[in-house]
*Asks:* 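First the structure, which I've put down as structure tokens, then a few questions once you've had a look.
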Protein chains: 2
Amino acid sequence: MKNEPQKPSDLSAQIAQAIRDAIISGELIVDERLPSEAELSDQFQVSRPTVREALKRLAAQSLIRTQRGASGGAFVNRISFEDAYSQQVTTSTLLLSMNAISFDTACEARFALERACAPLSAQRRTADQLATMRAEIFRQSQPGLTDEAFCSSDVAFHRALVDGAGNPVLSYQLAGAVEAMQPLMNMITFTARSREEIIGLHNRIANALEAREEAKVDAALVELENYTRRLAQDVAQQHRKPA
Amino acid sequence: MKNEPQKPSDLSAQIAQAIRDAIISGELIVDERLPSEAELSDQFQVSRPTVREALKRLAAQSLIRTQRGASGGAFVNRISFEDAYSQQVTTSTLLLSMNAISFDTACEARFALERACAPLSAQRRTADQLATMRAEIFRQSQPGLTDEAFCSSDVAFHRALVDGAGNPVLSYQLAGAVEAMQPLMNMITFTARSREEIIGLHNRIANALEAREEAKVDAALVELENYTRRLAQDVAQQHRKPA
DNA sequence: TAATTTTTATTTGTCTGACATTTAAAAGTC
DNA sequence: GACTTTTAAATGTCAGACAAATAAAAATTA
């Protein structure tokens with residue numbers, strides 16, 4: 001854990017980086033206790049508030065956790081898929097909403113990624129995952145369902161599809177992407193979408209997965225992508241000439 | 001920007017969450033200036049150090065940036081692809097190294113994702129991107145190249161492939177994944193890999209992209225995946241019986 | 001008047017020192 | 001030996017101060 005590798009400003013950022021590097025390099029291992037704030041103050045020759053600001057930066061990235069009391073302190077955190085996933089969703093959501101990503105671009109990326117795990121899912125999906133998808137389809141066909149509930153069920157359906165691949169790395173990457181794009185999707189297709197059409201395609205996906213037919217899963221996903229993009233184009237068209 | 005929606009501890013985390021929510025909801029927009037630290041202290045009824053810890057948490061996520069001096073302050077940051085990308089690499093790298101992800105799992109995910117953008121890349125790759133890939137292949141075939149340099153060239157090659165899809169969202173997602181997995185890849189294949197074999201496959205990929213033949217790109221990627229996984233199995237075998 | 005320099009006010013960055021709170025371990029008690 | 005009390009160590013929070021940067025206002029000068 002060396003001391004100052006950066007340009008001269010923002011001590012707390014420098015210290016955070018030094019500790020971060022130590023964690024990434026393996027110099028500090030999971031569940032290892034960092035020196036106390038007082039000791040870090042001495043080591044880095046800064047005050048305790050500065051050290052604390054550095055530690056809070058690391059805590060925000062889930063790199064450490066802190067515990068109060070005797071034998072408490074800051075500990076290197078084992079980053080869980082949940083941690084990584086929720087961080088990715090936050091970041092990706094803002095990234096998309098702040099950078100004027102076109103619906104088409106987001107949609108293309110989303111379905112490209114989803115189709116990537118369709119073959120694996122066709123091979124490996126469990127009965128449980130299939131049941132989840134069926135249950136979500138059932139929810140989606142309930143008459144009184146709000147738009148919000150329909151969308152969240154939509155996300156759950158696709159999440160089950162992705163989880164079917166049985167690869168936690170894929171699930172982490174894809175679920176983050178799908179969820180981050182959902183607000184963008186919803187905003188455009190909220191009013192225009194036909195639930196029947198979507199439910200029909202969901203059913204085709206579920207049936208294809210049940211029969212473990214990769215090609216049919218892929219075909220249904222392609223249709224869903226085309227339908228979604230067509231929808232968005234229609235909505236855009238209407239916005240241009242609202243007469 | 002409401003005040004306390006959480007359980008009673010870690011004020012700085014609560015305040016950070018409140019501001020984070022305000023940014024995500026759009027209540028605070030890009031480049032908008034937050035109240036000064038003193039004003040936030042008043043609003044949230046906490047001391048300035050506590051406010052500062054909250055702001056540092058947000059800065060660690062690239063949600064805000066700060067500027068000193070008169071008319072300085074904390075501003076809502078427009079998250080760039082670079083920000084999101086580097087954060088994702090850090091998180092994903094640690095996620096993989098801390099959770100005993102098997103090489104096979106990581107490898108499967110990586111190539112599944114990469115194959116997802118191969119068709120798009122075949123359609124859209126620019127002459128420039130193709131030239132980048134050729135240049136990296138050339139580097140890889142230089143005799144005196146260190147293992148580290150070979151690996152970083154490998155990453156650059158695949159990055160160009162991904163960028164060829166012309167979809168920044170895909171590039172962001174994929175490049176993060178590929179780069180995060182590279183250390184894991186290298187660790188296992190460093191000594192055992194045959195550069196000739198890999199360069200041959202890279203050439204096949206580049207040729208297929210030049211001819212815009214999706215199927216051939218995919219086939220070459222599948223072969224590269226199989227080769228890589230076979231390699232890893234061999235290495236694992238040797239470790240078990242080192243005689 | 002116009003350009004330049006100086007001053008000033010505001011804001012973040014950092015430090016010192018203190019107290020509150022939590023928690024595990026040590027000491028004491030029955 | 002089991003339980004209670006005390007103690008010490010650590011993080012969480014606060015108050016007040018000064019340093020440094022920076023933009024705007026004021027003063028100065030050509």
*Asks:* Tell me every residue that passes salt bridge (charged side-chain N to carboxylate O under 4.0 Å, His left out) with B:R33, counting only those two or more places apart in sequence or in another chain.
*Replies:*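 None.
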*Asks:* Does the protein touch nucleotides 9-17 of chain C at the base, only the backbone, or not at all? Give it as B, S and - per nucleotide, heavy atoms under 4.0 Å.
*Replies:* -BBBBBBB-
*Asks:* Starting from P on D:dG12, measure out to CG on A:L40 and report it in whole angstrom.
*Replies:*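 After rounding, the reported distance stands at 13 Å.
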*Asks:* For A:E108, give me all partners under salt bridge (charged side-chain N to carboxylate O under 4.0 Å, His left out), at least two apart in sequence or on another chain.
*Replies:*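 Listed in chain order: A:R229, B:R124.
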*Asks:* For A:S102, what residues pass the side chain to side chain donor-acceptor pair (under 3.5 Å) criterion, not counting sequence neighbours?
*Replies:*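 Expected list: A:T105.
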*Asks:* Under the rule for ring-ring contact (aromatic ring centres under 6.0 Å, His included), what residues qualify as partners of A:Y172, not counting sequence neighbours?
*Replies:*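 Testing A:Y172 for ring-ring contact (aromatic ring centres under 6.0 Å, His included), a comparison that skips the adjacent residues, returns none.
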*Asks:* Checking B:R65 now: which residues fulfil salt bridge (charged side-chain N to carboxylate O under 4.0 Å, His left out) with it, not counting sequence neighbours?
*Replies:*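 Only B:D31 meet the salt bridge (charged side-chain N to carboxylate O under 4.0 Å, His left out) criterion with B:R65.
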